[in-house]
Amino acid sequence: GESVGLHLPTLSVQEGDNSIINCAYSNSASDYFIWYKQESGKGPQFIIDIRSNMDKRQGQRVTVLLNKTVKHLSLQIAATQPGDSAVYFCAERQDEKLTFGTGTRLTIIP
Amino acid sequence: NAGVMQNPRHLVRRRGQEARLRCSPMKGHSHVYWYRQLPEEGLKFMVYLQKENIIDESGMPKERFSAEFPKEGPSILRIQQVVRGDSAAYFCASSPTAGNTIYFGEGSWLTVV
């Protein structure tokens with residue numbers, strides 16, 4: 001069936017560097033994508049979203065890039081901070097249902 | 001996501017007992033969703049409800065699980081005759097309308113012993 005998946009399960013980044021988290025999706029009909037951040041013992045926190053008619057969207061310290069040709073999504077975090085340590089999920093939405101990937105654990109090295 | 005309130009946060013049940021998880025959506029939100037998360041996995045959709053209506057329950061197990069969102073009061077996810085495999089984090093989410101941003105609560109962690 002259709003799925004959303006991530007290239008890497010873990011990512012370690014030096015504090016202050018930029019982080020890039022990648023996600024591949026397989027449902028070419030998906031038209032809306034979201035990135036969530038989940039800290040241990042907490043619920044997913046909305047970070048940023050993007051619709052399929054866009055290829056880039058920027059927020060505060062975060063940028064999402066969408067490449068529909070290769071069905072790839074990425075989340076860029078600028079100047080990574082210790083508070084960015086978490087598991088990051090991409091999700092696609094269809095008919096009010098979110099399909100999540102398995103997540104990437106981002107660890108910040110002091 | 002602090003606006004979506006879930007309780008209890010942690011629940012321990014013996015096999016065969018019932019578990020009831022409650023969710024109050026954010027103020028002004030009439031769309032409620034339930035998701036389940038197993039350790040080290042992503043969230044899996046269970047059910048989507050609006051007030052007094054189940055819109056999509058395609059992710060709900062056929063037996064023992066039920067959900068409701070009454071006209072008054074919180075949404076309830078009910079698991080009857082729990083088994084160890086039901087141990088998971090159950091997240092509720094809400095949105096004001098269809099197609100809008102979906103915000104999650106902090107989850108209810110169910111442990112079946």
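Residue numbers begin at 1 in each chain, while the letters A, B, ... track the order of the sequences. The structure displayed is predicted, hence computed values, not measured ones.
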message = Applying side chain to side chain contact (heavy atoms under 4.5 Å, CB included) to Phe46(A) and Phe104(B), what does each step give before you reach the verdict?
response = CA-CA 8 Å; Phe46(A) 173 87; Phe104(B) 283 84; over 6 Å; no
Those residues of residues 73-87 of chain B that come under 4.5 Å of chain A on a heavy-atom basis, listed by number, are none
Ordered numerically, the heavy-atom neighbours of chain A under 4.5 Å found in residues 48-58 of chain B are Tyr48(B), Asp56(B), Ser58(B)
Joint hydrophobic cluster, [X] plus [Y], side-chain heavy atoms closer than 4.5 Å:
X	Y	result
Tyr25(A)	Ile47(A)	yes
Val4(B)	Trp34(B)	no
Tyr88(A)	Leu65(A)	no
Met60(B)	Val112(B)	yes
Val12(B)	Tyr90(B)	no

- Greater than 12 external heavy atoms within 6.0 Å of Arg15(B)'s CZ: no
CD of Glu96(A) to CG of Asn100(B), rounded to nearest 0.5 Å, is 9.0 Å
d(Lys97(A) NZ, Tyr33(B) OH) to nearest 0.5 Å is 12.5 Å
Gly105(B) and Pro44(A) have their tightest heavy-atom pair at O-CD, 4.5 Å
If one checks every heavy atom of Gln37(B) against chain A at 4.5 Å, the contacting part turns out to be side chain
Practice item. Please step through side chain to side chain contact (heavy atoms under 4.5 Å, CB included) for the pair Lys44(B) and Thr99(A), ending with a clear verdict. Key: CA-CA 7 Å; Lys44(B) 297 284 195 292; Thr99(A) 301; over 6 Å; no
* To do: Apply the test side chain to side chain contact (heavy atoms under 4.5 Å, CB included) to residues Gln38(A) and Phe91(B): give CA-CA distance (whole Å), side-chain angles for both, the deciding distance (0.1 Å), then the verdict.
  => CA-CA 12 Å; Gln38(A) 188 176 26; Phe91(B) 290 97; 3.3 Å; yes
Any donor-acceptor pair under 3.5 Å from Glu106(B) side chain to Gly43(A) backbone
yes
Q. Counting only N and O atoms by type, is there a donor-acceptor contact under 3.5 Å from the side chain of Arg93(A) to the main-chain atoms of Thr101(B)?
A. no
Residue pair Tyr35(B) / Leu98(A), side-chain heavy-atom distance below 4.5 Å: yes
Report task. Assess the pair Phe45(B) and Phe100(A): is the distance between their ring centroids shorter than 6.0 Å? Result -> no
